[in-house]
Amino acid sequence: MAPIAVSPERDGSTAALAALTASFDDTITFYLNGTRTVLGNIDPEATVLEYLRGIGLTGTKLGCGEGGCGACTIVVSQYNPTTKKIYHASVNACLAPLISLDGKHVITIEGIGSTKRPHAAQERVAKSHGSQCGFCTPGIVMSLYALLRNNDAPDDQEIEEAFDGNLCRCTGYRPILDAAQTFSVDRGCAKVKANGGGCCMDGKNGAAGGGCCMDQKNGDGEKGADKIKRFTPPGFIEYKPDTELIFPPALKKHKMQPLAFGNKRRRWYRPVTLEQLLQIKSVHPNAKIIGGSTETQIEIKFKALQYPVSVFVGDIPELRQYAFHEDHIEIGGNVVLTDLEHLCEKAIEHYGKQRGQVFEGMLKQLKFFAGRQIRNVGTPAGNLATASPISDLNPVFWGANAVLVAKSLEQETEIRMASFFTGYRKTALAADAIIASIRIPVTAEKGEYFRAYKQAKRKDDDIAIVTAALRVKMDDEGIVTETNLIYGGMAALTTSAKKTMEYLVGKRFAELETLEGAMTEMGKDFDMPFGVPGGMASYRKALAMGFFYRFYHDVLSKIDAEGKGVDTQVISEVERELSRGTIDEHAAVQYEQEVTGKGNPHVAALKQTTGEAQYTDDIPSLKNELHAAYVFSQKPHAKIVSIDYSPALDIPGVVDYVDASDMPNAAANRFGAPYFDELFFAEGEVFSHGQAIAMILATSSVVAQLAARAVKVVYEDRPAVMTIEEAIQQDSYHDLYREIKKGDVEQAFKDCDYVFTGTARMGGQEHFYLETNACVVVPKPEDGEMEIFCSTQNANETQAFASRVCDVQANKINVRVKRLGGGFGGKETRSVPLSSALALAAKKTGRPVRCMLTREEDMIMSGQRHPFLGRYKIGVNKDGKIQALDVDIFNNAGWSYDLSPAVVERSMTHVDGCYNIPNVFVRGRICKTNTMSNTAFRGFGGPQGMFIAETYMEETADRLGMPVENLREVNFYQPGEKTHFNQALEDWHVPLMYEQVKTESEYEKRQKEIEAFNRGNKWRRRGLAIIPTKFGISFTALFLNQAGALVHIYHDGSILVAHGGVEMGQGLHTKMTQIAAQALGVPLDNVYISETATNTVANASSTAASASSDLNGFAIYNACEQLNKRLAPYREKLGPEATMKELAHAAYFDRVNLSAQGFYKTPEIGYTWGENKGKMFFYFTQGVSAAEVEVDLLTGSWTCLRADVKMDVGQSINPSIDYGQIQGAFIQGLGLFTMEESLWLRATGQLATRGPGNYKIPGFRDIPQQWNVSLLKDVTWENLRTIQRSRGVGEPPLFMGSVVFFAIRDAIRSARRDEGVFCKPAVEGGSNDEGLLKLESPATNERIRLACEDKIMRKARVQAKEGEKSFFVAI
């Protein structure tokens, strides 16, 4: 069972508490979207999200359950006792306790607008293409709405900051920012495009009197601020702040009453005075104090902690006050962090910059403390009491010598920060006391200096790796009298660098020996072992020393007027500018037709921005519905000795369970065609941590989860293989081998001038679709029929395996998919285990069964992008012409095959990159390891193969001593040349685009500017790279290259289209409706696609391989052509102006069939492995991108200054959809190659990075600062025979994100050269590897820092002792 935090009662106090709480109310009153709501007898542990979704307000989504993604964002309006104003707070509904709503106004996405009457924010995000899958969209819109409610005239900076608590996996963020910035006072007109609308100066939109509308004057003849605030770009509805939902007048008079809820098992209190709180604490000293609930919900949901007594303290005004004193500020312990930000700003203004240094440091930390939704509810007291060793704020309080004022019913005590933290998550706070206030001293007018630093995996909304608050005080002679060097992330608790502090006192600060001595002492303070918990020993030590080095020179620059000995370059940190972007609006103009070729918004965009779009878990609860929860393996490899379900079955609300014994036969428990080597439920042995053992069925998801944890499984451990290297060493492979051979590699190696060898290593990637796998199965009473609503890319396979586990024919199973909240390949096969298990459960119980995996569950069981290892040998001549390539490619498949064979095959076909190598021998193997089974992910092995290619290109160029750009150009394929798998390249435009991007990005000019910049900077380096891509379009499994469609014309002229593709945000339905409308000659509004279902289009291939528009588009076109032939007589009879309603009406009365089934199969393709014959791909989508980065070498932080991306997508069906795919894929690729790192715990084999807290995808402020995207135009595609001559665009742009990785490599290479570490060219006698920069992907901040060779890094390196291993494992 889950551990329980026991709260013993004190003798004699129980009666007093009972008397106190007798008058406490047990109902809460709040307003919901303007309507008064009163609730009684509420579940004390219910969250706001559970309540909202339970009453049908499903626009608010569950994305992660830990406040890390923002999908659940709502707005809570309340009177703020700190600022004495109404504040509209964006809040994570997944964390907020329902009890916290009392006396407040809750606004959800449904409350601000609808598709019929959208709010300006909803409409602008929709029309600006800011919504793709749409699952994150309501949360993003609500963050924007909260900003506008608090400030109806925001500037660009405020707008960009407003989204720091929101994530999106589809759009690449740029179109969302474009939409939001239409509200900016900085932006004005800015030639904003909205559904084709442009600047009023462009012509027909011109303002009265001519000129730009922004130049128009108000009635007083002046450009008034009000005029700027109210500017409405063309094509958008006007934003009118005075029409917003008002703060209910009744709430202004609402008097907060103390509340009490619960039963004998669990009690919740909501005191409204400090006295009430202290009385409760005196009786229940171990009661859980809850402020923002940002930590508590994590403990309850993910650590399974239970608290018998909880006290919500968010509505006690006394704890939210503040006061400015002469030498300190005193703030209430429960001042929310957003208010603390404002207080810091006021303090800096009040005390001045010198005396306000602490508040500057605190403000700096707060800006990057979680997201706005967390800062709106989180508190400093909560931060202190939870005692996180990586807290951003706690080092600042300690560094400033803050004093905590603790209060209990009996006494008030002062606790100095230096003695507050006593151990891991332990403090000196008495059990019956609370932190009432914090006294924060100001710095002295002279001789005192304070700075704060933080390093995380991602700049915004991320927990720290290392954080520091550094303070020094000197006398008039410059002698150190006091110092605080406080660090988080360097021990199990917030700690000080004691030896360094002791060393500094009494030393003259400005002497160089002082710095050297301090750095030496700090090395002793933080003498970490290689396998330190949390890992990253060398990096953390380098950060601690680097922060002090930066601090020392910052202070030295203030006290040394002449600047002697000051390393001025190290002082400033990398700061990114506000981002801007352009797209070529005219790229597809020459291909425009009546409907196709136009940049229409996503057909469901407005439904998504208003929360009306329905996803699987939004389906209303059904009568007698059960909820399911998995019982997962807790071992990476073990024999199952026994399973005891009785503790789970004894829990009230648990109905049943299913496991392998419930399968109709042994074969039914197996899936994963064609190998069928994977099990739905384990049979006596488990092969990965997170493998499904059983499934518990209960009346609620909470009970099901609790019961699943209660199942007792006894294991007998067996040896586990985790990494590719371990698999190779132990010869652990799945039984599949592939090779492609062209030419004579061995002879070519003998004949060429140089032969080099090397390795390329890249990690996997979590899909992190915002909607986790979800499914609802509804059994029918007749013939074993079943309806399955599922978030899957593969309805056909969902149907096939449900029929197997239920032992019925496939025609009894109907799978329905409305839309997915993102897929990216992760729901191609890995959705099938969940849907099949639920189908079995529904059959066994005869009741509907529902399950939506938690983010953690989804990540531990559903698989990732495959990690890859490539070992290459390359032969090259002095002129740079590559003569031969020999490569061994290994991927980490996990414990079963899944799609790993096809993934490794695609990597093998892309290992040539864009380069013509006459002699190639490539071999592919699939490593069998004890991790979850890895699977399809956007690119499907292509990015891994191309990464190997670009790695050997970069390393070969270094060894030759020639620019890598030249090496690429020398080896580019030319039109008509054949790949190593013997396919001729037609419509080949990479060399052309390469030149265009170089010209448009001013590549060579910027190269010279970067060289000059780098010469003058020791700690900052810039890098530049340009990378090409070619991506083969077709399923490599020939039979999958087919599609069907069904088109109905109703006699009112409306058209219903069904096809086999699934809409998952990529705009497939949008393109398909455009194709149908164009083919039938009707307006787009006439065409509708309802859903994807197996009873309308049978045997559909999965929506994958970037081929869905090609396949389904032609199938729809085929059906429309049939209908056009049938309607041709009526068009001739009724004339060209006849509407579809008139045509259909006439044909209907003549008994003409107005339904048609279309079909398409890709022609010409079919490759034979082993023979190296046949056409592998129908065509290649191509692209080129260039990027410039700036790297802070001291920390490994970086920013992308500019990126230019150009893609050849043929004649675009919808350029706006294609731009969205390019932008989204680029940022996903940027994440793959620079920050998304999956790590496993070595001790347990468990995935460590299993949620947004530890796994970081790019955020709004990780995108390029200047981002230019264009489509290739003014060329002909003579051999492209696709629908509308378009190219698939979903996957190909992803590898373009690697250009940022290679730009980072360029910057590091420059820095290493200045430290004397570089690869000596072969022509000068250089060895194969000496000085060569070998950079693994992803190029995390840690890897960047460790690749540097400066004196700090050399001093900080921690070497592994014999037998010592790292804490984490990268598989």
Side-chain angles (χ1 to χ4, degrees), residues 29-34 73-92 96 100-107 111-112 121 142-155 157-159 161-162 164-165 183 185 225-226 229 239-256 272-274 291-292 312-324 329-350 359 362-363 366-367 369 371-381 437:
T29 302
F30 60 95
Y31 277 70
L32 176 58
N33 296 328
T73 303
I74 57 172
V75 170
V76 177
S77 304
Q78 61 178 313
Y79 175 77
N80 185 330
T82 305
T83 63
K84 309 295 191 286
K85 296 177 181 177
I86 302 298
Y87 181 67
H88 308 279
S90 54
V91 170
N92 293 121
S100 69
L101 297 186
D102 186 59
K104 302 174 181 70
H105 185 198
V106 182
I107 306 173
I112 69 172
M142 291 310 291
S143 287
L144 176 56
Y145 176 79
L147 172 69
L148 295 173
R149 288 305 305 268
N150 292 311
N151 177 7
D152 64 14
D155 59 31
Q157 184 73 41
E158 292 165 327
I159 285 170
E161 287 180 357
D164 63 4
F183 294 99
V185 294
D226 193 56
K229 290 179 191 177
Y239 174 53
K240 299 179 179 178
D242 54 356
T243 64
E244 296 282 21
L245 282 168
I246 64 168
F247 186 74
L251 287 183
K252 294 179 180 178
K253 303 173 185 176
H254 180 83
K255 186 177 180 183
M256 291 288 198
V272 293
T273 68
L274 181 57
F312 179 72
V313 297
D315 293 321
I316 301 176
E318 294 151 276
L319 296 179
R320 294 186 63 177
Q321 306 303 314
Y322 69 95
F324 284 32
I329 293 178
E330 184 161 5
I331 61 168
N334 233 34
V335 167
V336 297
L337 299 180
T338 292
D339 290 340
L340 186 55
E341 283 182 75
H342 301 318
L343 291 180
C344 287
E345 291 168 349
K346 288 178 70 172
I348 296 165
E349 185 179 345
H350 179 81
F359 307 106
M362 189 178 296
L363 181 61
L366 284 168
K367 289 289 185 184
F369 187 112
R372 175 59 64 197
Q373 294 92 321
I374 296 294
R375 298 199 296 276
N376 278 335
V377 296
T379 66
S437 65

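On a predicted model such as this, the values are computed, not experimentally measured, just so you know.
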Looking only at heavy atoms, what is the nearest atom pair of [X] and [Y], with distance?
X	Y	answer
Leu101	Val76	CD2-CG2, 4.4 Å
Ala146	Ser90	CB-CB, 3.9 Å
Gln373	Gly165	OE1-CA, 3.3 Å
Met256	Asp102	CE-O, 3.2 Å
Cys344	Leu363	CB-CB, 4.0 Å
Gly291	Val313	CA-CG2, 4.0 Å

Are the side chains of [Y] and [X] in contact, using a 4.5 Å heavy-atom criterion?
X	Y	answer
Arg320	Asn80	yes
Leu274	Leu319	yes
Ile316	Asn334	no
Asp315	Lys104	yes
Val336	Arg375	no
Val377	Val91	yes
Tyr79	Lys85	no
Lys255	Val272	no

[X] [atom1] to [Y] [atom2] distance, which is reported to the nearest 0.5 Å:
X	Y	atom1	atom2	value
Thr82	Leu343	OG1	CG	7.0 Å
Asp339	Gln321	CG	CD	10.5 Å
Leu366	Thr338	CG	OG1	8.5 Å
Glu345	His350	CD	NE2	15.5 Å
Leu251	Lys253	CG	NZ	11.0 Å
Ile107	Ile74	CD1	CD1	9.5 Å

How far apart are the C-alpha atoms of Asp152 and Tyr239, what are their side-chain angles, what is the distance that settles it, and do they pass the side-chain hydrogen bond (donor to acceptor under 3.5 Å, both in side chains) test? CA-CA 9 Å; Asp152 64 14; Tyr239 174 53; 6.0 Å; no
Are the side chain of Glu161 and the backbone of Glu158 linked by a donor-acceptor contact shorter than 3.5 Å? no
Donor-acceptor pair, side chain of His88 and main chain of Leu147, under 3.5 angstrom: no
How far apart are the C-alpha atoms of Leu245 and Arg149, what are their side-chain angles, what is the distance that settles it, and do they pass the side-chain contact (heavy atoms from CB on, under 4.5 Å) test? CA-CA 10 Å; Leu245 282 168; Arg149 288 305 305 268; 4.2 Å; yes
For side-chain contact (heavy atoms from CB on, under 4.5 Å), just list the numbers for Tyr31 and His254, CA-CA rounded to whole Å, side-chain angles, deciding distance to a tenth of an Å, and then say yes or no. CA-CA 11 Å; Tyr31 277 70; His254 180 83; over 6 Å; no
Quick one, Phe369 with Glu341, criterion side-chain contact (heavy atoms from CB on, under 4.5 Å). Give me CA distance, side-chain angles, the key distance, then yes/no. CA-CA 10 Å; Phe369 187 112; Glu341 283 182 75; over 6 Å; no
